[in-house]
Amino acid sequence: MHLLALLPLLVSVSDLILTSAPSISIFFPATSATKVCTLQNSFQPDFVAEGDFVIGGIFPLHYNQEMPDLNSTYLPPPVKCNGAFRWAQTLRLAVDEINQSSELLPNNTLGYKIFDSCAYPLTGQRAALAMLNGLKERDAPVCSGASPLLAVIGESGSAQSIVVSRILRPFRIPMISYFSSCACFTDRRKFPTFFRVIPNDDYQVKAIAQLLIHFNWTWVGLVRGDHEYGRFAVQGLLQELQGTQVCVAYQEMIPLLYNRKRNIIKTNSLAKVVVVFSAEGEMTPFLRDYMNQNITGIQWVASEAWVTASVFTGSEYYPFLGGTIGFGIRKGHIQKLWEYLQTVNPQQYPDNVLVHELWEALYGCSSSQSFGSRLPSCSGQELLLEQHSAYMNTSSPRVAYNVYKAVYAVAHSLHNLLLCQKDRGPFLNNSCAQSNNIHPWQLQHYLQEVTFDIDGEEVNFDLKGDSIPYYDVINWQRGTGGNIEFVNVGLFDGTKSAGEELVIQDSAIMYAGHQSKVPVSICSTSCFPGYRKAVRRGEPLCCFDCVPCDTGKISNQTNSVDCTFCPEDFWSNENRTACISKKVEFLAYDTLGIILTLIAVVGACLTMAVFAVFFYHRNTAIVRVNNSELSFFILFALTLCFLCCLVFIGEPTVWSCMLRHTAFSITFSLCISCILGKTLVVLAAFTATRPGDNIMKWLGPKQQRAIIFGSTAVQVIICVAWLIDAPPYPSRNTEYERSKIILECSVGSNLAFWCVLGYIGLQACLCFVLAFLARKLPGNFNEAKFITFSMLIFCAVWLAFIPAYISSPGNYADAVESFAILASGFGLLFCLFAPKCYIILLKPEKNTKQHLMGKEKK
């Protein structure tokens, strides 16, 4: 038995009842004369045309429907639909054009059966079954041969298309949808006969995700219809938004039976952008409720299912829907559509209820009182009502253009099938289809391979039945009459490479509330450069706090997830927005450097002045008694000590680093060695108790020079070893203060550095002990007292220097060392030479041998 014999099993139970009256059976002879299966209620097509090959058409000619009470206790009445139908007329126009064409299907004609689905899956199911059963009972008492239906053009909504496709699947009848974009149809195992001339929703959700990112709408609401289209679209969008900055504030569903007030739009939410995946049929009661609640300020992002719905173009919708942005299917041009729509009138179709309903909706009058209308009769002079002017606007058809392409796809496929040459066909044994007995599955083969151009656009299908993904970006703007106009403000081309698909003319867009400024829809305000985002615990990624970047880190972009470290020689500016070169610091000739320079120069000058005084008065008693040669050595060493401070000032170089520590250590060692020699001489001179003691012969001038040379040579050897093994070198210190680069001299070898200081300290301590022992020796001018005091100051300065040097940062360490050199230098200068200069310059009467020996006359 042919597959069509299975249809009685699929017919709704509500359409079949058992009766005792004799009747003709539907598909097979009755087995009993008393009980037969008879069709008690039928679902009639709205438009029918005979032809050699018949195609079906299922359209939502109405959008709102009144469902009967199907309690199976009485004969169910027909479903009553209320609401539109230009798409069906496009199918009729395309069929008429093809039948009149001498190039496409010559000597063959197409017929059609057009049914109304009321945009409801159950009604679509009834339409599909009625389309397969035939128009009347007597049309097919017994099923035999090929199906009289070769293809179906439909359906609009994805939910309806799923139902219709499942009904057609057992009979392998191809179906071309003009408006079902659900991604679920790409599954060829579930929908092997499904094709469509509208892009797959995978591309639509990708386009919507890019749109949200483009406008920085990171906190959005999602609303969907209660069907597969909405469910799959929302799932696809959520998957597409993963890894982006966009989060979903809430998800809501529009029920199929919208029979009470609902709070679908969350007015207390910060999400001012709402993405809606729904058909215009379900949107009508929802929007009516939305408008009754007087909610405004919502920026709608519409799916292709309702973004070009003409039913929402009235001026009353603009305050609530104005500024809507969405992706509409690509518009086209149908040359004869406007003229064809003009021919659809009650005079041409006096018995067609749909035409009379259309007339009443368009003109507000009844064309015939036989249909029970309460409207006044038409006079023939009525004008087209303004709210229905979109019906006659054929300047940029979109869905109608898809219907047009779908019909031509069937025609071209059928044409290619009929051109098949014998023994060169695609079927078993290279056979062709029989022109008088074409099976739908044979047409599907050619439909899969078809490629043709229409109005400059290439039409074909991929292996999943999808067509080329193009979308127009549509913006709802106010027209001259206050109604809503669909303005094209961009394009999404799915064939382009990633990141180049979406092109938007931002300046041409009008947003919700008739605003030209992009609305804000975010959970948290953007983090400006210099801050980073810190996600709040338990909340989506889009809800965050802005935390300032740490020092040394920057963020130079808005909404930075993390702050980045600056390179080694750079630091963050005050606002943490850019890396700037670190401030370079060293003991320069600034205020501190100039002060130290002046003090060092003054000290050197004073020392040279003392040297000049001593040299001028070198033959006087006080100079001669105090060992003038050692005094000159001390003054020379002190002058070098003062001058070596200048090496510590200025940007460190290789030579200055090596010179500053070694010069300072050698000159001070020379100075202390001279003082040590003088102390030994004083101690020896005053401790020689017996005449003829030879102790002084061991401390003569040669021995004194040997002591000075030997003591200084030890320091020189240490410094030479230091310079050879690990010499001081310039370094960039970024550890103490990371925002600065401190140029300093690294000592190279800490051991050598502390050995140098330790040796000077050892000399000073030895000198201090010897001078302390000789402090009470007789004589009016016992120099041991002044040596003791000078060594005490020297040791105190350098003992204080050690902790100060260690704790001082960067260039201040050099300043501390310079200050210690200057302080100890002035201490030695004043303690050793000030009393002598006082006598030489101010008390010359005491500058005699008798006074110094304590033998002056009283």
Other residues, nucleotides, ligands: >12 heavy atoms within 6.0 Å of [X] [atom1]:
X      : atom1 : result
Met608 : CE    : no
Gln239 : CD    : no
Tyr759 : OH    : yes
Lys266 : NZ    : yes
Phe528 : CZ    : no
Tyr250 : OH    : yes

To the nearest 0.5 angstrom, please state how far the [atom1] atom of [X] sits from the [atom2] atom of [Y].
X      : Y      : atom1 : atom2 : answer
Leu762 : Leu757 : CG    : CG    : 12.5 Å
Ile840 : Phe833 : CD1   : CZ    : 10.0 Å
Thr564 : Asn556 : OG1   : CG    : 6.5 Å
Ile675 : Phe633 : CD1   : CZ    : 14.0 Å
Leu270 : Thr218 : CG    : OG1   : 10.0 Å
Cys542 : Lys533 : SG    : NZ    : 7.0 Å

Parallel, tilted or perpendicular: which fits the ring planes of [X] and [Y], with parallel below 30° and perpendicular above 60°?
X      : Y      : value
Trp798 : Phe668 : perpendicular
Tyr511 : Phe215 : perpendicular
Phe648 : Phe664 : perpendicular

Judged by atom type as modelled, is there a donor-acceptor pair below 3.5 Å linking the side chain of [X] to the main-chain atoms of [Y]?
X      : Y      : result
Trp722 : Ala726 : yes
Arg532 : Val547 : no
Arg576 : Glu574 : yes
Ser560 : Cys563 : no
Glu585 : Ile742 : no
Asn573 : Thr577 : yes
Ser521 : Trp219 : yes
Ser824 : Ile821 : yes
Asp550 : Lys553 : no
Gln763 : Gly761 : no

Centroid-to-centroid, Phe611 to Phe636, below 6.0 Å?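 No, ring centres 6.0 Å or more apart.
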Determine whether the aromatic ring centres of Phe819 and Phe801 lie less than 6.0 Å apart.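 Between Phe819 and Phe801, the centre distance exceeds or equals 6.0 Å.
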What closest approach, in Å, do [X] and [Y] show between heavy atoms, and which atom pair accounts for it?
X      : Y      : result
Cys674 : Ile634 : CB-CG1, 3.3 Å
Cys566 : Phe570 : CB-O, 3.6 Å
Leu502 : Leu211 : CD2-N, 3.8 Å
Thr558 : Pro529 : OG1-CD, 4.0 Å
Val654 : Pro730 : N-CG, 3.6 Å
Ser526 : Asn216 : OG-ND2, 4.1 Å

Given side chains that start at C-beta, do those of [X] and [Y] come closer than 4.5 Å, heavy atoms only?
X      : Y      : value
Tyr589 : Ile649 : yes
Glu651 : Val584 : no
Ile522 : Trp217 : no
Arg732 : Leu743 : yes
Leu638 : Leu828 : yes
Ile708 : Leu630 : yes
Gln505 : Ile509 : no
Lys836 : Ser631 : yes

The test is side chain to side chain donor-acceptor pair (under 3.5 Å); show your working for Glu500 and Ser497 and say whether it passes. CA-CA 6 Å; Glu500 298 180 358; Ser497 57; 3.1 Å; yes
Decide yes or no on side-chain contact (heavy atoms from CB on, under 4.5 Å) for Gln715 and Ser673, but give the supporting numbers first. CA-CA 11 Å; Gln715 188 74 291; Ser673 296; over 6 Å; no
Assess, by modelled atom type and distance only, whether the side chains of Ser665 and Thr662 contain a donor and an acceptor separated by less than 3.5 Å.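 Not at all, the side chains of Ser665 and Thr662 share no donor-acceptor pair under 3.5 Å.
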With distance as the sole criterion, is a donor-acceptor pair present between the side chains of Asp814 and Ser818 under 3.5 Å?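 No, Ser818 and Asp814 have no side-chain donor paired with an acceptor closer than 3.5 Å.
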Does Glu501 form a salt bridge (charged side-chain N to carboxylate O under 4.0 Å, His left out) with Lys496? I'd like the steps, not just the answer. CA-CA 5 Å; Glu501 303 101 327; Lys496 295 290 184 64; over 6 Å; no
Would Ile599 and Ile595 count as a side-chain contact (heavy atoms from CB on, under 4.5 Å) if you check the C-alpha gap in whole Å, the side-chain angles of each, and the deciding distance to 0.1 Å? CA-CA 6 Å; Ile599 294 174; Ile595 292 174; 3.8 Å; yes
Determine whether the interatomic SG-SG distance for [Y] and [X] falls below 2.5 angstrom.
X      : Y      : result
Cys523 : Cys247 : no
Cys795 : Cys765 : no
Cys641 : Cys671 : no

Flag this pair as yes if the NZ/CZ of Arg618 is under 6.0 angstrom from the six-membered ring centre of Phe615 and inside a 45 degree cone about the axis; otherwise no.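 Output yes; distance and angle both within limits.
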Please evaluate residues Ile793 and Cys831 with respect to the criterion side-chain contact (heavy atoms from CB on, under 4.5 Å), reporting the C-alpha separation (whole Å), side-chain torsions for both, the decisive distance (0.1 Å), and the verdict. CA-CA 9 Å; Ile793 294 176; Cys831 289; 3.5 Å; yes
Step by step, would you call Ile741 with Asn733 a side-chain contact (heavy atoms from CB on, under 4.5 Å)? CA-CA 6 Å; Ile741 298 176; Asn733 187 346; over 6 Å; no
Sole candidate of Ser555, Cys527, Ser572 that passes side-chain contact (heavy atoms from CB on, under 4.5 Å) when paired with Cys549: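 One option only clears the test, and that one is Ser555.
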Ring pair (Phe, Tyr, Trp, His ring centres under 6.0 Å) for Phe826 and Phe642? Distances and angles first, verdict last. CA-CA 9 Å; Phe826 276 109; Phe642 283 119; 4.7 Å; yes
